[in-house]
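Here's the structure, in structure tokens; my notes come after.
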Amino acid sequence: MYAVCMLYVYRLINSLSKIFKMSEQQAISDMECHPLKTLEEVKNWSDEGIPNKMKQATECLRERPHTNETVPKTLVCHDMRGGYLEDRFIQGDKNEKSYNFYHWQLIDSFVYFSHNFITIPPVTWINVAHRNGVKMLGTLITEWKDGFKICEEFLASESSYQALADQMVKITQFYRFDGWLINIENKIVEEKVPCLCKFVEYLTAKLHETLPGSEVIWYDSVINTGELTWQDALNDKNCMFFDVCDGIFLNYNWNSEKLLSSMALATSKDRPRDVYVGLDVFGRGCLGGGGFNSIEALTAIRKYNMSVAIFAFGWVYECCDVDNYIDNENRFWDLLSDLCPTTVWTKGLLSSSFCIGAGRKFYLQGNVCNENPWYNLSLQEVQPYYRRKQIVVAPQELPALEPCFECAYLGGSCLSYNGELPSTGIPQLFRLFDLDCKPKESYIVSYAYKTKGDNEVFLEIESQRQNEKKSFIFLSETEQLPSISDSDATNDSIEKKPIQSSKVIINPKPIETVLKECLNQICLPAKDCDWTSRWYILDKEQIEDFSLTSILCGLSSKNTQKEIINIGQIQMFPLSQLRIPSISNIEISTQADSTIEVSWACSNPADVSYYIVYLDNIYLGRAASTYYFLENQKDDKKSFIISVQAVLNIGLVTNLAKSEKFNVNI
């Protein structure tokens with residue numbers, strides 16, 4: 001019977017693919033993100049048209065402040081083979097090995113960089129950065145003779161440079177990113193330098209007025225005489241630009257003396273964290289030679305408590321084995337992690353399936369939804385700490401939880417533990433997230449895992465009020481609390497007063513009890529799924545007056561053999577967030593180029609992470625917005641049914657059977 005069903009599905013997909021090209025990569029040019037290459041293009045830019053609206057970010061910037069505001073910042077500047085590779089496709093691509101970044105917990109802002117005049121970050125990058133609490137900046141760059149001409153034109157008068165700045169503000173506002181890196185890599189006529197400075201000042205002021213929290217960063221290049229002379233320092237030759245924007249990105253050939261003088265000047269202006277010292281991972285003139293030895297330059301920078309701008313960190317992808325990219329990427333950022341800031345999640349809602357926005361297959365609630373490889377950064381989930389940032393108590397050298405593509409619960413990857421566990425019976429704890437959340441109501445907590453061994457998998461949420469700490473242990477079964485070492489015992493000795501610690505066991509409840517208000521509106525895990533999901537209610541009375549401080553995952557085993565344990569999802573959200581939006585008003589229209597636009601309405605799009613589109617209940621694709629485009633090829637099949645399913649920010653998935661259906665007749 002199974003073979004017959006699969007044959008039917010195969011034939012149906014073949015039939016549908018003759019009508020619709022079902023590749024993730026779209027050939028429709030309007031469905032790609034592009035830079036603006038000339039001043040004329042910028043002047044003529046318009047936000048009109050549905051495809052352009054699909055390039056708008058759907059994710060708002062999540063709040064994720066430093067634990068200590070005196071800690072210097074980390075900016076990274078993307079320079080990946082000219083940019084606009086597979087990441088330019090709004091609806092994703094089919095190459096799951098395309099360039100990826102997922103160490104968001106270690107950085108504050110991300111500059112999307114290319115060598116085009118105006119680099120607008122692709123919507124996929126804006127979405128994933130915002131979901132992980134990181135600002136996304138675009139780039140204005142001028143270079144060589146062409147750059148000189150562009151600068152001559154837009155600096156011709158006050159009205160011309162203000163017109164460019166006004167368009168840049170509109171572009172920033174429309175696409176919903178967070179500011180600009182200004183990189184003038186050509187000489188400026190000396191009498192036009194004041195205009196350039198006023199341009200930067202005007203752009204910064206207008207951005208701040210329109211988009212609070214936005215940033216403009218000046219690159220250390222042109223000086224006060226108009227000469228292109230990199231200073232590798234903040235000094236009286238480039239300070240005029242620093243004074244009118246949010247920060248300066250220093251060139252890479254600095255030394256200790258230049259760092260010391262830069263810090264002194266910035267401190268005199270009460271802006272010590274706004275000088276970003278350049279670190280070139282390709283090592284061009286940079287201390288330590290870059291690569292995996294970038295830690296040498298970062299150590300020197302942090303010695304003076306200065307912020308850093310890490311340039312071209314795609315070196316790991318470009319110069320190392322792509323097939324071993326995940327391991328190399330984790331190694332690179334692990335080496336830097338101790339010198340990167342610690343940030344906290346301040347909102348009570350935190351859900352992640354740990355998908356990094358790519359996969360060999362696409363999974364839904366633990367089962368394969370689509371067999372094809374895919375890549376779409378808009379679908380990357382909130383990312384945890386990795387490697388040494390995870391490890392809390394390590395009685396022996398043990399592996400950390402790493403991305404795994406062999407299976408997934410939701411998306412294309414999960415976290416996996418692959419190795420032996422301590423034979424002492426003491427669980428290994430992995431810190432996934434730091435929090436600073438003060439709950440005002442009861443919470444729903446859940447996690448999904450998969451293991452073949454005799455293992456215990458549990459969650460631990462730490463909390464604190466004044467000198468009292470309380471850990472909530474969410475066991476996978478109703479049983480005795482395992483012997484757990486205090487995860488923060490090493491910090492207790494520095495407290496002025498003794499800390500009173502306690503542990504509270506929270507036992508699982510049936511999903512029907514926890515989600516009873518919306519049970520028929522959501523997609524439940526299939527009963528034949530090899531993942532186990534556990535659900536809990538953390539009562540308001542238990543956490544009242546406490547601040548939640550961290551989420552940890554605990555693993556233990558009753559034997560010493562090698563274990564493979566997969567963590568597919570964690571969910572933590574207030575009861576008030578348990579609301580299921582409805583999908584309605586599905587519409588189909590054919591465009592002038594014969595492409596087909598599918599659109600729909602959502603009762604609360606802010607609750608949605610992304611959507612899944614189906615034809616005759618067969619997976620078609622995913623969308624971050626309420627539009628999906630596909631190419632049309634006529635065939636004998638003249639009618640079909642289209643439906644849309646929502647993947648929610650709280651980690652639940654709407655019930656496709658309850659979704660509105662749209663009958664299409666061609």
Side-chain angles (χ1 to χ4, degrees), residues 20 22-34 46-62 84 86-93 112 120-132 136 170-178 355 357 362 374-382 410-411 580-591 593 595-615 619-631 642-650 653-654 656 659-660 662:
F20 301 105
M22 297 173 68
S23 165
E24 292 289 344
Q25 180 173 326
Q26 298 296 311
I28 311 167
S29 60
D30 278 349
M31 297 304 298
E32 300 178 14
C33 297
H34 296 290
S46 168
D47 60 6
E48 295 180 0
I50 294 300
N52 210 17
K53 290 181 179 178
M54 291 182 67
K55 300 171 190 177
Q56 286 182 311
T58 53
E59 288 285 338
C60 296
L61 179 62
R62 297 187 65 172
Y84 299 102
E86 293 90 343
D87 55 3
R88 73 184 187 274
F89 297 111
I90 297 171
Q91 295 179 177
D93 187 65
Y112 193 86
I120 302 171
V123 62
T124 54
W125 280 107
I126 306 172
N127 278 335
V128 65
H130 284 183
R131 185 175 293 133
N132 283 277
M136 176 62 63
K170 290 177 183 177
I171 289 168
T172 313
Q173 187 175 24
F174 178 79
Y175 293 114
R176 300 171 182 166
F177 57 102
D178 308 293
C355 173
F362 182 73
W374 62 278
Y375 167 80
N376 188 337
L377 292 176
S378 281
L379 275 61
Q380 186 182 125
E381 299 268 358
V382 173
L410 178 61
I580 311 300
S582 60
I583 306 297
S584 60
N585 299 330
I586 299 175
E587 295 181 355
I588 304 289
S589 62
T590 303
Q591 306 300 298
D593 60 356
T595 60
I596 290 180
E597 172 201 316
V598 183
S599 65
W600 57 90
C602 178
S603 60
N604 196 350
D607 288 343
V608 177
S609 180
Y610 59 91
Y611 303 89
I612 307 174
V613 183
Y614 295 85
L615 284 172
Y619 167 91
L620 175 62
R622 293 146 301 199
S625 66
T626 56
Y627 298 93
Y628 188 82
F629 276 72
L630 52 157
E631 293 183 279
I642 194 161
S643 51
V644 178
Q645 189 174 35
V647 178
L648 308 183
N649 294 329
I650 59 176
V653 182
T654 59
L656 185 63
S659 172
E660 177 183 291
F662 185 86

Polar side-chain atom of [X] near backbone of [Y] as donor-acceptor pair, under 3.5 Å:
X    : Y    : result
N127 : T58  : yes
N376 : T124 : no
Q91  : M31  : no
Q56  : F174 : yes
Y84  : P122 : no
Q645 : V653 : no
K55  : E32  : yes
T654 : A646 : yes
S603 : S582 : yes

- Taking the six-membered ring where the residue is Trp, are the ring centres of W600 and Y611 under 6.0 Å apart?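 Between Y611 and W600, which both carry aromatic rings, the centre distance is below 6.0 Å.
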Spacing of [X] atom [atom1] and [Y] atom [atom2] [to the nearest 0.5 Å]:
X    : Y    : atom1 : atom2 : answer
S589 : E597 : OG    : CD    : 4.0 Å
S625 : Y610 : OG    : OH    : 14.5 Å
I126 : L61  : CD1   : CG    : 11.5 Å
R622 : I612 : CZ    : CD1   : 7.5 Å
I642 : I596 : CD1   : CD1   : 8.5 Å
W374 : E86  : CH2   : CD    : 14.5 Å

- Query: With E59, which of N649, N132, V123 fulfils side chain to side chain contact (heavy atoms under 4.5 Å, CB included)?
  - Reply: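 Exactly one option meets the side chain to side chain contact (heavy atoms under 4.5 Å, CB included) with E59, and it is N649.
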- So which of L656, T626, I583, L620 actually passes side chain to side chain contact (heavy atoms under 4.5 Å, CB included) with V644?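 That would be I583.
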- Query: Quick one: side-chain hydrogen bond (donor to acceptor under 3.5 Å, both in side chains) partners of Q380, sequence neighbours excluded?
  - Reply: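 Checked Q380 against side-chain hydrogen bond (donor to acceptor under 3.5 Å, both in side chains); matches are N100, W104.
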- Item | Those residues that, when tested against N585, pass side-chain hydrogen bond (donor to acceptor under 3.5 Å, both in side chains) (two or more places apart) |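 Expected list: none.
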Closest non-hydrogen atom pair, [X] against [Y]:
X    : Y    : result
D178 : H130 : OD2-NE2, 2.6 Å
S599 : Y627 : CB-CD2, 3.7 Å
R131 : S609 : NH2-OG, 3.4 Å
A57  : R176 : O-NH1, 2.9 Å
E660 : S584 : OE1-CA, 3.4 Å
P121 : Y112 : CB-CB, 3.9 Å

- Aromatic ring pairing Y619/Y614, orientation class (parallel under 30°, perpendicular over 60°, tilted between):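 Perpendicular.
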- Query: Given side chains that start at C-beta, do those of D607 and C602 come closer than 4.5 Å, heavy atoms only?
  - Reply: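 The answer is no; the side chains never approach within 4.5 Å.
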- Going through the distances and angles, do D47 and Y175 end up as a side chain to side chain contact (heavy atoms under 4.5 Å, CB included)? CA-CA 9 Å; D47 60 6; Y175 293 114; over 6 Å; no
